[in-house]
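Numbers here are sequence positions counted from 1.
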Amino acid sequence: MDALPEDWQAVPNEKEKCEEISRLTVPENLNDIDRATTLLLGGYPQQQKSVVDSFPALVRAKGKPAFLAVGNPLCVLLPTFELSLKVAAVEALTAVAESQLVAGNDIVELLLPSVLANINVVGSPDEVVNAWLKCFHAIVPLLDKTLIKAKILPVALAKGANDETSVQSRVICCAMLGSMAACLTKEEIERGYLRRAMTLCQDTDYIVRINMCDGLHCLAAAVGLEVTVATILPEIFELMKDEEPLVRVAAINSLVAVMGVLPADVRRKKAVPYCRLFFQSPDMESQVARCMASQFPSVLCQVVADIDNDLEVGVFLGAYRQLAQRQDLETRRLCAESCAAVLKAATPRRYATHVHEALTALVADPDQEVRRLMALQFHDICKMLGKERCAQYMKRPFLNLLGDESNAVRVQVMASLVQTLDQFCIANEEARTRAFADFLPALLAADAGCGYCWRIHHHLMLALPHFVHMFTSDEINEHFLPMALRYMAGGVAPVREAAADAVVVFMRHNRKQAQRTDIYCKLLRDYARAKSHWRRMTFIDACHHVVRRFSTKFFKTYFLDTCLELTADPVPNVRLHLTALLPALKQSIRLPEDVEQLERVNSAMSNLATDNDRDVAGQARAVNDLFKRTPVRMTGGAGLLDMNGLPGGHSSSSEDSKKEEEEADFTFSADDIEKLKNEEALLQKNKKVGNGDMVKSARAGPRASGPTSGPSKPRRSTNDAPALSALSISPASTSSSSSSIRSSGDSKSGPSGGRTGLGGRVGASSSSSGGADEGQWSIRATGGTTAPRLASSTPTSVSGQGSGDKFSRPYRTSPDQVVSVGRSAGLAGGKVAADKSTSSTGASSSGAAANGKAGGLTSNLNAATGGKFSTSSIPRR
């Protein structure tokens, strides 16, 4: 048998398993601090890592007790951790020190000994040393000056005493000297280590030179202007000529930092000439070019402030143009990221001669990220240039960005589309018309080419309401209105809501009656009366925007009744969506002429607050407080009435009156409005006729004329009738032939108290004259489902004798089917009760049943079949 691989481990025995389980088990009654301490001291590396990662949050929550209880064992165990865990632990301690989550004395007392001990460890990995140096930099501001001079400064100088020490020691010395400079005086620095710091700037190892150069700006801020100009600035200029690119990069960063503390004349005479020569260098490494691109706005700001000379400034802007066209991708990205800052420093008057070429190159860059960065700040650039310059120079770059093939670029363009287009709205009507004539096909092409990127759709829909001030009414009606209606019907939820706002704005600003009426009719036909509940919810979104953009009178006249009808919608989500609109419905009421409407709105609020769907009822109760506090308007400028009938609330009647004046000639086509009303009346009539046919079918009884044997197939409903969940049959109080049916949503009552809609309640009555066995019946279904879904049904069998044969016929009713009363007494899992009243001859019989039993119906069935039938309900499966 071959030997097992060396990396295979033996399966632990039972004892080892128990020991491991006990080691991993932590008592549940421990608090957060004790649990963290337990896991840190005895847990596995993964558990220790979780404690380290959560240490700043634990200190932030628990304060000093957590810092001391967890921080002390953490500092003790830290040298035993593996490399990644050790770095993470030092970073966690640094985060606590930087945020100063506890008192500075506690931080110094705990961390300073660990910092000094670990930076003295010879041969530590660079990652660990750098982490400890960052920690030291974080606690230096908390240290006392005496402590720095007594304990820390000697350690730092010993690390960089001569060139014979290790490179790591000299690097530590550079970092510590730079960090301590802000805590010491000029004399202490000059007497203590300034000469040594300048020596380290000329160290033989470039890493030491880089680290010392990074600390020169701290020394310059501490020693003052005279020493900086005489000693530090020449050292920086010397380092800018270093043979190592990374050293030159560090020198550029130090120079930019030092220029902030130099006076204008010193910058103009000493710093600017060196910068100009350096920026004009034809051959520069990629690292240097990237540094120049990132620092260019800062340098240019100083140059323009000190030397407002077009020739001098043009030299620097020429360097920027060269950087923007370099082959190095990262350099171009940095140039694109700083383009707006460069233009701000250069001022817009220099754009055409110095910046436009660079901007055009960056907008057409082959890299997607460069173009995205340009699109991100394009509107800011246009705003800085002003409308006239923007219309003159930015049209072509903007069209390039609109036609970009990358959706990432299009998203950024569309996010600031309104701000950008607004800069092209210049006073010259002819030039503005030409510009927007070119933007129209570009916007349509961008919409067609974005695919299924809903963010682009959303940004575009948010911009459409502003297009009424930029494009003509015909352009909007021909191009943008169909676009908004398309997204209103088929977009995702945020897109549908934004598109609904756009459609409402288009309707308000459209001055053609036929087009305006067409939009209104579409909203009612295709959304308010749509079969899709999503479209009805979108109509509610549109109503929110109508409330915001139209007067209350307009909303009350054209939208209030439709909104109230939706309070009885069969789908709970529609009713849930409508609850937030109820305060606006109340505010559209004007007393005293709208008393009836106010009663309907209050009734709708009450019904929704007691809705069978808990989400609808909860949301309605949450809105009810705002609904009660919403004041009601009074006619004739009498102000507002609060919930107690007293004058109060903030009046916005002046704004509403202004909207009414603007809507004075805002009318719809009378023929189309009349057609809408006729369609609504016909729709209600068809509903009543369809429901009446169901009741007649329920009373008709079996059509078969002879005896049958064997089970019969259940009848299936082919219509879209409301689902009924319970049935009640009772004697009618009238002897005349009549039938009526009322239906409503799952849990909603209409204004008349009836129930309408899918899964609603149905009431019907029918009577006929005849003998003692002919009765008068009233059928009513109660209860319902909370959503249009397929409900379970209750099978019912009818058994008896007819012409000497026994038979059993099971029936199963569907949610949209009412079976014949003469054949079955079961409905959609409901409860059935039947009572029979006698005719004028005096013969009578009565009965009642519940929980699916049809006892009172037996006498009627016996009369129809010669006493051979009986009914029973089969329990639901």
Side-chain angles (χ1 to χ4, degrees), residues 90-91 93-116 119 129-160 170-201 208-236 239 250-263 266-267 271 295 298:
V90 179
E91 290 176 349
L93 295 172
T94 305
V96 173
E98 289 176 343
S99 303
Q100 297 187 14
L101 301 177
V102 294
N105 294 334
D106 296 326
I107 295 175
V108 172
E109 183 179 355
L110 178 64
L111 296 185
L112 184 59
S114 298
V115 171
L116 296 177
I119 62 176
V129 173
N130 292 333
W132 280 116
L133 289 175
K134 290 180 181 178
C135 185
F136 173 77
H137 185 73
I139 66 174
V140 162
L142 307 175
L143 298 177
D144 184 67
K145 183 184 296 186
T146 305
L147 181 63
I148 293 176
K149 293 190 294 183
K151 290 187 176 181
I152 299 177
L153 184 57
V155 174
L157 293 176
K159 288 287 185 180
R170 301 201 299 274
V171 169
I172 293 173
C173 174
C174 295
M176 295 180 71
L177 293 179
S179 299
M180 290 186 296
C183 301
L184 300 176
T185 63
K186 172 185 174 182
E187 292 76 12
E188 291 169 344
I189 293 175
E190 288 182 331
R191 185 173 60 250
Y193 63 87
L194 180 61
R195 184 178 298 274
R196 185 57 191 163
M198 296 300 102
T199 303
L200 290 172
C201 288
V208 179
R209 300 198 299 272
I210 291 173
N211 282 271
M212 194 64 248
C213 191
D214 290 338
L216 288 180
H217 67 281
C218 297
L219 288 174
V223 299
L225 176 61
E226 183 180 352
V227 178
T228 299
V229 174
T231 305
I232 297 178
L233 202 56
E235 197 65 43
I236 294 177
L239 290 171
I252 295 172
N253 293 329
S254 295
L255 178 61
V256 174
V258 169
M259 287 175 69
V261 300
L262 296 177
V266 176
R267 288 198 302 262
Q295 296 288 357
S298 301

Any side-chain heavy-atom pair of V129 and V171 under 4.5 Å = no
Measure from the side-chain N and O atoms of K159 to the backbone N and O of I119, and report whether any donor-acceptor pair falls under 3.5 Å.
-> yes
Donor-acceptor contact present, side-chain R196 to main-chain G160, <3.5 Å = yes
Quick one: are V90 and K134 in side-chain contact, heavy atoms under 4.5 Å?
-> no
State, yes or no, whether a side-chain contact exists between L219 and M212 at a heavy-atom distance under 4.5 Å.
-> yes
Side-chain contact, heavy-atom cut-off 4.5 Å: T228 with V223?
-> yes
Pair Y193-L200, side chain to side chain contact (heavy atoms under 4.5 Å, CB included): steps then yes or no | CA-CA 11 Å; Y193 63 87; L200 290 172; over 6 Å; no
Within a strict 4.5 Å, meaning less than it, do heavy atoms of the L153 and L177 side chains meet?
-> yes
Is there side-chain contact between E109 and N105, with at least one heavy-atom pair below 4.5 Å?
-> no
V227 and I189, any side-chain heavy atoms less than 4.5 Å apart | no
When rounded to the nearest 0.5 angstrom, what distance separates NZ in K149 from CE in M180?
-> 12.0 Å
Would you call L225 and L262 a side-chain contact if the rule is heavy atoms closer than 4.5 Å?
-> yes
